[in-house]
There are 2 protein chains.
Amino acid sequence: MGTTQLKLSDLARLAGVSTSTASRALNDNPLIKKETRERIQALAKEHHFSVNAAASRLRMQKTKVIAVIINLEAETKQSVDDPFLLKVVSDINRAVNRKGYELLLSNSYMAGEDWHGYFISGRRADGVIVVGQGKEQARIERAARAGTPIVVWGDPKTSANYPIVGSDNFIGGLNATEHLIARGASKLLFLGDPGHAELGERYRGFCHAVEKAKVEAKMIKIDITSEAAYASINASLRAQGLTFDGIFACSDMVALGALKALKERYVSVPNDVRIVGFDDIAMAQISFPALSTIKQDTNAAAQLLVEKLLSQLSGETCASQEVPSSLVIRQSS
Amino acid sequence: MGTTQLKLSDLARLAGVSTSTASRALNDNPLIKKETRERIQALAKEHHFSVNAAASRLRMQKTKVIAVIINLEAETKQSVDDPFLLKVVSDINRAVNRKGYELLLSNSYMAGEDWHGYFISGRRADGVIVVGQGKEQARIERAARAGTPIVVWGDPKTSANYPIVGSDNFIGGLNATEHLIARGASKLLFLGDPGHAELGERYRGFCHAVEKAKVEAKMIKIDITSEAAYASINASLRAQGLTFDGIFACSDMVALGALKALKERYVSVPNDVRIVGFDDIAMAQISFPALSTIKQDTNAAAQLLVEKLLSQLSGETCASQEVPSSLVIRQSS
DNA sequence: ATGAAAGCGCTAACAC
DNA sequence: GTGTTAGCGCTTTCAT
């Protein structure tokens, strides 16, 4: 407070050196004698000096910032409050920090249509991580084509001109469904929206297991929210009674919505109906019965996402990659 | 791609005007003739031109960025994944965007101890919003004293040299407890950690209601997580049997952990024990039975937080403020 | 091992 | 209504 902002040249004067020396010292440049470096760094700390990031960025032509944009469909009601999405963001945050970058949290509202222009030409960030592939990839593709360093959390099987990192959704769906069948379920239900890339893969896995085991199966297409799941199970129970004994829900939130509807109508889980979800959000172990689910390794994925983005920054190109998921068996199945 | 970055002077040349005219035109400065302005803006769009934010920030001495720092205790296990915290962040994000600012998501890891130095002197942000008051306010206070424009989500009753916005925790606790009593509970339990400022106020409200109604009450101090709540209710049930018939949990996550322990031991909710939580996270309505809770208006709070921060930026000082909360009655009580 | 000076791209005070 | 120009604070090339 009070005293005007110290700048590098002020610090240099206080230290009795030139600004170039001061700059080098603060950046730990070995050109500067070690003791000079340390003296200047101590002085900087003492005077609470920080380099002006704006000036530095202008000069360096890079920002050390990564933008994360949460890419939600307008059409779906899956909200930014989805605990899973938020967990992904928070893991990305950690991964980004570990590499010495900052995280600009953004969205279509700010970035508009032209992500390359906004983030890259606008020197707001050096690269972009998109969380959520959505159903419509035009904007991502356009940004990538414009030369934006960009990586996406989504379904790695999708062919694209940018790397996608995500879980092995097909195998996840397969494992979940085979587990349901192994536990004795023979009339299966998939709850979700296969139109969404990742969920489509999970559904493929589901279908594959179903065909192999030659059991009955159907799919109810719903919005990916607990409310929609609750409503749809409720409606189904009311209209046709209990027509299934195993549910593979496309997400934990969906599974929990279904679970509630079942319990309200005194359908016993797992005795009458077995349920497996996807994600392994915190609530999965707190629900009663605790929810069996496919755990997505968001931490590993976040790290990969950041690594791939940084290697794009140094000119390399990288491929999409699947992250192993794992079945967590709890009480609901 | 390919073609080198367009800068303002290039755009100006393309338009046949000077850079100052171009700059003014893009900033909608009425000094420039309307048609010139529009012509230049169209040209900018056509060429995907964006002003270099680094240069602009250097020149303007402001960033149009607000840093949000999630302030968690090292000691507590309450994690960044707490759905409520994340909801607050996401509401702040919206509020910040509406005012034309961007959101830098940060944490102690990046910002270190000297927030003023890092964010303000470092020209990374114009102001700081701290989510979570924590038990230790030294860093916040120091930043405020150094002249950082700063606002905090926390307990507004705390006296501080910075504005705090949060729910009326005392009234929330009071209402929750009175509701429990009105529903017939007479042996109450508070589950949480009154050492934390906001929770302390909720506990005060609890005690006030208890004294007024002259009912039995006790408090179990736990870490603010569902796991801790689950473990503690489990232990209590095992050791002493059912010694309470009403629980006021300091958060929904805690309430849900308690609920699970109860259900596992066949204690009926709400017949044997009534529970009320705090926050109204999405899971509250999806749990079975649906959780009664005190809803915090995070959206209103986020807006206030941002408004107060922005008015600090224009030199005003502002006071702390409470946001009304409301009791949401569902099935658990 | 250190210093002088140029220049990153923008905005605004000052001219016209 | 528009142009000229200085300068925001830093990093780095080039000189010593």
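Sequence lines set the chain letters: A, B, ... in the order given, protein chains first and strands last, and positions in each chain run from 1.
- Note on A:Glu102 versus A:Lys64: no salt bridge recorded, every NZ/NE/NH1/NH2 to OD/OE distance being 4.0 Å or above.
- Close to D:dT2, at under 4.0 Å from its OP1 or OP2, lies a side-chain N or O of B:Thr36.
- Of the candidate nucleotides D:dC10, C:dC10, C:dG9, C:dC10 has the atom lying nearest to any side-chain atom of B:Phe49.
- Rounded to an integer number of Å, the gap from CG of A:Leu8 to P of D:dT12 is 12 Å.
- Residues B:Thr21 and B:Leu58 each lie close to DNA chain C; by heavy-atom proximity, the contact nearer the 5' end of the strand is made by B:Leu58.
- Between A:Gln61 atom CD and D:dT13 atom P there is a gap of 13 Å when expressed in whole angstrom units.
- Side chain of A:Asn29 to backbone of A:Leu31: a donor-acceptor contact under 3.5 angstrom is found.
- Across D:dA6, D:dT11, C:dT2, the shortest atom-to-atom separation from the side chain of B:Arg59 is found for D:dA6.
- Distances were taken from every side-chain heavy atom of B:Thr19 (C-beta onward) to each of D:dT5, D:dG9, C:dC10; the shortest belongs to D:dT5.
- Rounded to whole Å, the distance from CZ on A:Arg124 to C1' on C:dC10 is 13 Å.
- Note on B:Arg24: a base of the nucleic acid sits closer than 4.0 angstrom, heavy atoms only.
- Atom pair A:Asn29:CG and C:dG3:P shows a separation of 13 Å (rounding to whole Å applied).
- Between B:Gly16 and B:Met60, the residue whose closest nucleotide on DNA chain D is further toward the 5' end is B:Gly16.
- For B:Gln5 and C:dG9, the shortest distance from a side-chain N or O to OP1 or OP2 is not below 4.0 Å.
- A:Leu26 has its CG atom 8 Å from the P atom of D:dT11, to the nearest Å.
- Taking every side-chain heavy atom of A:Ile32 into account, C:dT2 is the closest of D:dG9, C:dT2, D:dG3.
- Screening B:Val151, B:Thr148, B:Asp126, B:Thr317 against B:Gln312 for a side-chain contact (heavy atoms from CB on, under 4.5 Å) leaves a single residue, B:Val151.
- If you measure from atom CZ of B:Arg123 to atom C1' of D:dC8, you get 10 Å, rounded to the nearest angstrom.
- With hydrogens and angles left out, the side-chain atoms of B:Lys87 and B:Gln296 include no donor and acceptor closer than 3.5 Å.
- One finds a side-chain N or O of B:Asn27 lying less than 4.0 angstrom from the OP1 or OP2 phosphate oxygen of C:dT11.
- Ionic pairing of B:Lys34 and B:Glu38 is present here: one or more N-O contacts between side-chain nitrogen and carboxylate oxygen are shorter than 4.0 angstrom.
- Here A:Ser23 does not reach the OP1 or OP2 of D:dC10: none of its side-chain N or O atoms lies under 4.0 Å away.
- Electrostatic pairing of B:Asp10 and B:Lys7 does not count as a salt bridge here, judged by no charged N lying under 4.0 Å from a carboxylate O.
- Here D:dT2 is the nucleotide among D:dT2, D:dT11, C:dC10 with the atom lying nearest to any side-chain atom of B:Leu31.
- Taking only side-chain nitrogens and oxygens, B:Lys33 never comes nearer than 4.0 Å to OP1 or OP2 of D:dG1.
- For the pair A:Ser56 and D:dC10, the criterion of a side-chain N or O lying under 4.0 Å from OP1 or OP2 is not met.
- Atom NZ of A:Lys7 is separated from atom P of D:dG9 by 4 Å (rounded to the nearest Å).
- Side-chain N/O atoms of B:Ser18 include one lying less than 4.0 angstrom from OP1 or OP2 on D:dG3.
- A:Leu11 places its CG atom 12 Å from the P atom of D:dT11, with the value rounded to the nearest Å.
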